[in-house]
Engineer: 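Quick one: the structure is below, questions incoming.
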2 protein chains.
Amino acid sequence: MKKKKKISMKDISKELGISITTISFIINKKAENKISKEVIKKVEDYIEKVGYKPNSSAQSLRTGKSKTIVFMAEDISDPFFSAIAKQMEEIAFNNGYKIIYCSTENKKERAIELLNLFKDRQVDAFIITPPEGFEDELKRLIYEEHQMVMVFDRYFDSFKHNYVVLENYKGAEEATRSLYSSGKRKIAFIGIESNLSPLVQRLEGYKNTMNSYQLQEYSLLIKFDQIKTLEGQKAIKNFLAQNPEIDAILFATNNLAISGLRVIKSKGLKIPEDIAIISFDDRDIFELFTPPISVIAQPVPELANELIKGTLQLMKTKETREVFYQKVLKGKLINRKSN
Amino acid sequence: MKKKKKISMKDISKELGISITTISFIINKKAENKISKEVIKKVEDYIEKVGYKPNSSAQSLRTGKSKTIVFMAEDISDPFFSAIAKQMEEIAFNNGYKIIYCSTENKKERAIELLNLFKDRQVDAFIITPPEGFEDELKRLIYEEHQMVMVFDRYFDSFKHNYVVLENYKGAEEATRSLYSSGKRKIAFIGIESNLSPLVQRLEGYKNTMNSYQLQEYSLLIKFDQIKTLEGQKAIKNFLAQNPEIDAILFATNNLAISGLRVIKSKGLKIPEDIAIISFDDRDIFELFTPPISVIAQPVPELANELIKGTLQLMKTKETREVFYQKVLKGKLINRKSN
DNA sequence: CTGAAAGCGCTTACAG
DNA sequence: CTGAAAGCGCTTACAG
């Protein structure tokens with residue numbers, strides 16, 4: 001097998017005696033009724049035969065489009081985000097796009113830094129999970145720098161933008177009701193100190209439901225960077241110690257639930273007899289836990305699909321500032337053995 | 001805030017009255033003793049001030065380098081691979097590289113397909129987790145297409161190549177010994193039907209250790225695509241039923257262990273009294289399991305580091321075919337409560 | 001120590 | 001229906 005030199009349009013042009021222009025038109029499907037059937041066939045066959053692929057750098061340079069999308073996740077190694085990423089990658093690739101991933105760790109500073117790094121490389125679109133306090137930056141990015149951005153998992157009310165998110169309020173409502181119908185009355189909510197939409201909506205959903213039952217609320221809000229730490233666990237432990245009557249907990253995120261589960265395990269509490277549990281977000285860990293934990297699962301395939309299809313679609317409709325893509329998907333309560 | 005048009009070298013050249021050549025040299029640190037200090041400073045200050053970033057498409061087109069690395073993982077949504085990916089991404093980015101991810105699902109056909117898609121786009125290097133039967137393709141990629149490739153997690157003996165892998169034999173040996181020293185004598189190995197190096201080495205490590213103790217071997221090898229399925233669980237269940245004396249199991253991968261754990265749980269076996277467990281690869285699920293499962297953990301940060309640093313380094317030493325980067329890192333036995 | 005100029009491989013307005 | 005030519009923003013061999 002000989003090493004084949006990379007072939008260019010010029011080579012094809014020479015070989016076939018057809019101008020580069022014509023070849024370019026054919027490749028980019030701009031042939032339409034401009035070019036004769038025979039020429040099209042001739043060129044396409046030849047391209048197929050030699051396996052020609054256009055040089056994407058040259059295309060980018062010429063068109064100003066890089067066929068690149070940046071996915072700024074909260075944490076790309078988190079099972080939720082990596083599952084989303086995997087599904088998007090495939091669809092994106094089939095549409096000729098590549099995706100670059102990065103993680104904000106939910107830190108505003110890091111997100112800004114990342115943004116600056118990417119802004120000047122040619123990026124066609126951003127899919128962003130904005131961290132706390134990123135509202136103004138996001139607004140600028142969209143309305144002043146005129147970047148194509150799709151917001152994921154959370155959104156802001158103060159300005160219009162594209163997003164795809166979960167129906168968080170309803171999810172929390174459904175979970176709380178489910179706990180109630182299991183006979184629990186001292187239902188607690190353990191969430192995160194945050195203004196991010198999913199977090200406030202989950203809390204709201206819980207609160208309003210408790211209110212409708214005229215039941216007392218118990219809620220604990222943990223700082224974001226304490227979720228996975230011993231401090232976080234301590235906070236949960238204290239909360240439980242101070243409110244020993246609590247007989248059910250709705251956890252606002254899976255990481256929160258994992259910390260909570262550690263505490264509950266160490267206290268020797270029985271699930272669901274002593275304390276019933278429902279958590280947002282599914283993970284294989286919940287299914288394997290003893291007993292299996294009930295969850296509000298996010299529809300990962302649908303989410304990924306909307307996200308990438310949506311941004312692909314928006315990029316096609318170019319500068320039409322009026323087109324907004326806003327999707328709110330339903331979560332699914334999966335009843336296992338913990339509630 | 002006004003929208004600033006993207007600035008190019010020509011703009012800088014005009015503004016400063018310095019030729020593009022000089023500016024290019026300065027930006028690419030090829031200034032050295034060719035350009036006067038003052039000019040360098042003047043240019044650098046200006047670049048800093050206006051926040052100029054070179055157009056990477058133009059650079060790619062000109063140099064033939066895309067500053068892109070493809071990471072072909074077995075499954076990028078698997079916690080092990082996504083953790084590796086996250087760490088590599090950061091280092092790569094700081095070195096001016098972007099990484100494109102994809103998943104082979106351990107299927108040869110898919111890997112070939114992926115490779116063809118990438119080959120003609122300019123990619124500077126591949127980091128590949130080769131699936132079963134990919135040996136010839138890999139060899140061709142390296143020796144005939146002269147691509148820069150770093151192999152991860154597994155390697156082949158039949159030709160020389162760069163790789164970073166775990167010391168699998170030693171890990172299996174250590175795990176088996178540990179099970180033995182807990183008093184277990186009917187120690188089983190549950191692995192995967194595969195010629196991939198880690199899988200055969202783990203089996204070897206187990207076998208030889210058992211042999212050195214003059215103990216009977218019990219091994220079950222499951223088909224790769226059955227690992228996470230009910231068939232896989234059924235195979236394990238049968239294996240255990242046919243060999244009721246088994247009092248310990250070494251699982252060759254975490255997914256295998258998860259399937260095994262389901263079976264053990266459903267059979268009501270007590271860990272470690274009835275049956276002791278050690279699994280390869282750590283996952284948070286093992287720590288939270290009841291009881292916490294002991295594992296041979298892979299050193300993820302070191303692995304990611306070697307992987308990306310290694311390929312960065314190899315790319316610098318360019319065409320020097322003699323340079324091989326081969327690293328074998330030690331796993332760590334973490335004793336929890338299952339052995 | 002510095003610069004003019006060619007050229008990487010495309011796309012696209014323009015001309016015929 | 002088809003083609004010649006400009007130009008995207010760089011890098012680098014060459015000349016001075």
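The chains referred to below are lettered A, B, ... by the order of the sequence lines, with proteins before strands, and numbering in each begins at 1.
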Engineer: Are the side chains of B:F80 and B:D75 in touch, meaning some heavy atoms are under 4.5 Å apart?
Structural biologist: no
Engineer: Does a nitrogen or oxygen in the side chain of B:S57 sit under 4.0 Å from OP1 or OP2 of D:dG9?
Structural biologist: no
Engineer: Do nucleotides 10-16 of chain C as a string where each nucleotide becomes B, S or -: B if the base has a protein heavy atom under 4.0 Å, S if just the sugar-phosphate does, - if no protein is that close.
Structural biologist: BBBB---
Engineer: Look at the rings of B:F71 and B:Y101 and say which category their plane angle falls in: under 30° parallel, 30 to 60° tilted, over 60° perpendicular.
Structural biologist: perpendicular
Engineer: If pairs are Watson-Crick or G-U with both distances under 3.5 Å, what is the dot-bracket string of DNA chain C, marking crossing pairs with [ ] and pairs to another strand with |?
Structural biologist: |||.||||||||.|||
Engineer: So, are A:K41 and A:D45 salt-bridged, with charged N and O less than 4.0 Å apart?
Structural biologist: yes
Engineer: Considering only NZ, NE, NH1 and NH2 on the basic side and carboxylate oxygens on the acidic side, decide whether A:E74 and A:R154 come within less than 4.0 Å.
Structural biologist: yes
Engineer: So A:I26 and A:E44, do their side chains get closer than 4.5 Å, heavy atoms only?
Structural biologist: yes
Engineer: Please determine if a side-chain N or O atom of B:S36 lies less than 4.0 Å away from the OP1 or OP2 oxygen of C:dC1.
Structural biologist: no
Engineer: Is the closest side-chain heavy-atom distance between A:L138 and A:F159 below 4.5 Å?
Structural biologist: yes
Engineer: Return the orientation label for the B:Y163 and B:Y155 ring planes: parallel under 30°, perpendicular over 60°, tilted otherwise.
Structural biologist: parallel
Engineer: Under 3.5 Å, is there a donor-acceptor pair linking the side chains of B:Y325 and B:E306?
Structural biologist: yes
